[in-house]
Each structure stands twice: as structure tokens, then as C-alpha cells.
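What follows is a set of notes on a single structure, which appears directly below.
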Amino acid sequence: MSLFRSTGLATASVKARPSAFAGTFAALVFSATVTTACVALAVSASRVPVSPKQAELYDVGIAFSILTIYMAVFVIGQVMSLAVAQRGRESALLRAIGAEPKQIRRMVATEALWTSLLALPVGYGLGALLAHVWFDGMAAGGMVPDGMTMSVGLIPLFTTASVLVVCSQLGGKIAAWRASRTRPSAALAESAVQGSGRPGRVRATASLVVLAAACALTVVAGVSSAKDAASEIPMVLLAYLVAIGLGGPWIGRLATAVATPLLRRYGGVAGELAVAGARARSRRLAAAITPIAMMTAFAVAQFVTLTGAAEMDWMAVFGTLLYAGFTGVVAANTLVMLTLERLREFSLLRTVGAEKRQVKAIVVAESAITALAGLGAGTLAALAVLVPLGQKVGTPVSELPVWVWLAMLISGAGLVLAAYCAPLARMLRVRPIEGVTRRSA
């Protein structure tokens, strides 16, 4: 009986915030697609006789699978937390009329489970298609061992299902635990400013601990042999990215402080409002900063490696594009979610006289702050690893051409701007008075 009650609450919550559900569903589909493709590659390679090509393909498949699962854990957890946080007002209202904390947690868990199950077949199907495209490219380049065929069967399906269910449940439970412990009156007051509230001390401490561990790993890799250092670089980079994920709110505030003088000098009223908005929503922006930083750091590291390699093969290039695309799409999806929840805020601005172009200017200024935070953090993470270790393993960061740096930064900034502005046309078509009474676009 409790399951049906939880399903009813979850259904009502989804109807109240369809954009949050759509964003979560999209993130789960993207994660399932990449996880399925990478696991399928590893499993297919394991089924042929051992040979140099088989060993290389199997190692790459395992490495990509581990990296994919890590990224899925992080991005699904971030998106689920954001989706639950966006419904803080609804949860507070349920608490105010008598709902118990365990009912709120059960509601979130039920929604996470059903969303995972709905996303699984879509992501699995797209992942199977992606795996065959990847395999065909490698076969054309002569990198596939004799007798190997691409098989997307039950192991990729079960692995992907486990990743989706476990990650969504953990992400939802962490966010729901906070929502269920907050007093209804405090939650209703906090939701007046979307994403307000200070990040906790536990998160700050954890971020500093992980950052210290990442620095220690860098030192250890630096005194290792060149072969060992090369194999340790991905782990060191992941440690820095975990620190970025935990420290996202403070990175957002730092980027806001850096951008404030320029925005106040040249942005006028829109710049002032963008600074105020970025400060107020620093905790929510962390969900967008993390995948942008992931995309940037991974792209820098891989392009440095490819530049230093004797030759570029399809497997490495495709893998780089795969992960850059995965994290980029997740970042864009998160930014769209953040923009859609601000319909009421933009409508209030328009009711007091702001024009549509002024609202657009605010969004452009805020996208500049977010791009600075995500691209800056990702670049620094990559440099923290590649400057001390790149020369040792034969891929110094100085060999990366300037045009590659410019292309990565411009494309990253363009992605952030496009994702921020994508929902605006639809939102600005809503009449201001009507938008004030609606929860989201």
C-alpha cells in the first residue's frame, strides 16, 4: 500500500515540475548510452583469443567502462540532487500538511526508480547503436582482432541498469535526506530564492581533503617510473575532479568575484543582477560547474596525449569525442534545468518594467560567470596533472597548439551560452502575470 501512496506522490511531484523530470530522464539516458557502449566493447573484446590487438582493445574497453561509470555516478547524483532541490517548495508544503520525512524520502526514491527504468531501454538502444559505430570505425582502421564481432547482450544491459538504479537512488536519497530534515517554514522561505542557502561545512571539509589527496597522488606519480605515471594520470585527474565537484559552490563564488568588476563596469543593471543571481544560486550552479569542468579537463588531457602520440587512431579520437560529448550534453541539460526553474523570477522582473532584451542580457552575463567557473576549474585541474607529469610521460602540455586551446575554450563557452539561452524564447512568450503564478516553464 505504501508503494502506491509513494507512486501517487511521485506522480504529483513530476506533474508539478515536468522540466525537472525531463532533465533527470535525459541525464539517465545519456549515462546509459555511454555505459552500454563502453561495456559492450570490453565484453566483446574478452570473447576472442588473446593477441596484442585483443589485449589493447580489452584494456581500452575496461578503462573507458570504469571512467564512464565514475562519470555516471557523479553526473546522475548531481542532476538528481538538483531535481529534488528544485522541488523544495513542494516538499515543504507536503511537510506542512502532515507528511512525514520518511514519506518525502520514499517519494523521491520511487520517482528515481521509475525514471531509471524508463530511461534504461532508450539508453540501451542508443548505446548499442553507438557501440556498432565505434566498432565499425575501428574495423575500418584495422584495429580489430580477427574473429571479433560486436555483441551487445545481457552483461551491458545489467551493468547499465545497476549504474542507473544505484546512482539515481543514492543521489535522490542524499538530496531527499536534506529536504526531509528541513523545517517546512524554513524550506518555504528558502525557496523564495532558488538555490539560496549556504553549502555545508562537511562538504567544504570533504573538498579540501580530496584536494589534498589529489596533490599527494600527483607527488607519488611524479616519483614513479614513466610507465607507472602514465597509468596513474587518469586516477589523479579524477581526484581533482571530485574535489571540484565537492567545491563547486565556492568555485562559483570565486568566479563571480572575479567577473564582478567587469560586469558592473560594462554590464549595467543586467550585470548587477547577474552578479546577485550567481551569488544567490552558487549551490545550484555547482551542478552545472562540475560537468563543464569534467568536459574541459578530460578534453585537455586527451588532446595533449593525442598531440604527443606518434599517431592518432580512431579508438582514441572516438573515445575523446565520446566523453567530451557526454559531459557536454549533461552540462547543457543541467543548465537548461537551471534556466527553466526561473520563470517566476524573470516574470517578476518583467512586471516591474524590465524588457525582454534586459532579461536576455542577465542570462548572457550569468552564462559568462558559469563558463568562467567550469572552464577555469577544468583547465586548472588538467594543468595540475599535466604540468608536473606530462613531460615525464612524454606528452608535455606545452606541445598543445594555441588553436586547440582557443577551440576548446570557445566551444565550451558557446555550449554554456547556448544551453542558458535555449529555453528563453519559450519562457519570454509567457505573459508576466501568468509566469508569476507558475512554478516553472
Side-chain angles (χ1 to χ4, degrees), residues 27-28 30-47 54-78 123-124 127-128 130-131 134-135 138 150-168 170-171 210 213-214 217-218 220-221 224 227-246 290-291 293-295 297-302 305-306 313 315-330 378 381-382 385-386 389 393:
L28 290 168
F30 300 147
S31 300
T33 299
V34 182
T35 302
T36 299
C38 292
V39 175
L41 176 63
V43 172
S44 298
S46 69
R47 292 174 175 169
Q54 184 274 344
E56 180 184 5
L57 208 60
Y58 178 74
D59 289 343
V60 168
I62 291 294
F64 279 168
S65 297
I66 293 173
L67 186 59
T68 299
I69 292 173
Y70 163 79
M71 288 186 171
V73 168
F74 228 84
V75 299
I76 292 175
Q78 291 270 24
Y124 180 75
L130 183 64
W134 195 358
F135 179 81
M138 290 186 293
M150 177 58 68
S151 175
V152 185
L154 293 180
I155 294 178
L157 175 63
F158 291 146
T159 302
T160 301
S162 300
V163 170
L164 294 190
V165 173
V166 172
C167 295
S168 62
L170 286 177
V210 175
L217 287 173
T218 305
V220 171
S224 303
K227 182 178 180 181
D228 290 340
S231 64
E232 291 165 1
I233 282 178
M235 184 62 67
V236 179
L237 184 60
L238 290 180
Y240 280 107
L241 291 175
V242 172
I244 289 173
L246 293 170
T290 302
M294 280 184 170
M295 175 186 69
F298 186 80
V300 170
Q302 284 297 102
T305 302
L306 291 173
D313 59 64
M315 185 162 46
V317 173
F318 190 89
T320 301
L321 296 176
L322 178 67
Y323 284 107
F326 171 44
T327 51
V329 170
V330 171
V385 177
L386 296 174
L389 301 180
V393 301

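In terms of the side-chain hydrogen bond (donor to acceptor under 3.5 Å, both in side chains) criterion, Ser46 has no residue partners (sequence neighbours excluded). Taking Ala128 as the reference, Val152 meet the side chain to side chain contact (heavy atoms under 4.5 Å, CB included) condition, with sequence neighbours excluded. Evaluation of the side chain to side chain contact (heavy atoms under 4.5 Å, CB included) rule for Ser224 yields Val220, Asp228, Glu232 as partners, not counting sequence neighbours. With sequence neighbours left out, the side chain to side chain contact (heavy atoms under 4.5 Å, CB included) criterion links Ala161 to Leu120. Residues passing the side-chain hydrogen bond (donor to acceptor under 3.5 Å, both in side chains) test with Thr68, sequence neighbours excluded: Tyr323. Taking the side chain to side chain contact (heavy atoms under 4.5 Å, CB included) definition, one finds that Ser31 meets it with Ala72, Val75, Ile76, Leu164, Phe326, sequence neighbours left out.
Note that the CH2 atom of Trp134 and the CG atom of Leu41 stand 5.0 Å from one another [nearest 0.5 Å]. For the atom pair Thr35 OG1 and Leu130 CG, the distance stands at 11.0 Å (nearest 0.5 Å). If you take CG on Asp59 and CZ on Phe64, they are separated by 11.5 Å, rounding to the nearest 0.5 Å. With values rounded to the nearest 0.5 angstrom, Arg47 atom CZ is found 12.5 Å from Gln54 atom CD. For the atom pair CG (Leu241) and OG1 (Thr290), the distance works out to 9.0 Å, reported to the nearest 0.5 Å.
Counting all heavy atoms, side chain and backbone alike, Ala382 lies closest to Ala297 at CB-O, 3.9 Å. Closest heavy-atom contact between Leu217 and Ala239: CD1-CB, 4.0 Å.
With hydrogens and angles disregarded, a donor-acceptor distance shorter than 3.5 Å links the side chain of Thr327 to the backbone of Ala324. Judged by distance alone, the side chain of Ser151 and the main-chain N or O of Ser44 form no donor-acceptor pair under 3.5 Å.
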Item checked: Trace of the side chain to side chain contact (heavy atoms under 4.5 Å, CB included) decision for Cys38 with Leu322 -> CA-CA 10 Å; Cys38 292; Leu322 178 67; 4.0 Å; yes

Checklist line | Candidate pair Met294 and Ile244, rule side chain to side chain contact (heavy atoms under 4.5 Å, CB included), full reasoning | finding: CA-CA 9 Å; Met294 280 184 170; Ile244 289 173; over 6 Å; no

Item checked: Audit row: Met295, Val330, side chain to side chain contact (heavy atoms under 4.5 Å, CB included) steps and yes/no -> CA-CA 10 Å; Met295 175 186 69; Val330 171; over 6 Å; no

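For the residue pair Thr218 / Tyr240, a side-chain donor-acceptor distance below 3.5 Å is found, with atom types taken as modelled.
For the side-chain contact (heavy atoms from CB on, under 4.5 Å) criterion with Cys167, the lone passing option out of Leu170, Val163, Val165 is Val163.
Atom OH of Tyr58 has 12 or fewer neighbouring heavy atoms from other residues, nucleotides or ligands inside a 6.0 Å radius.
Applying the side-chain hydrogen bond (donor to acceptor under 3.5 Å, both in side chains) test to pairs two or more places apart or on separate chains, those with a residue in residues 157-168 are Thr36-Thr160, Ser116-Ser168.
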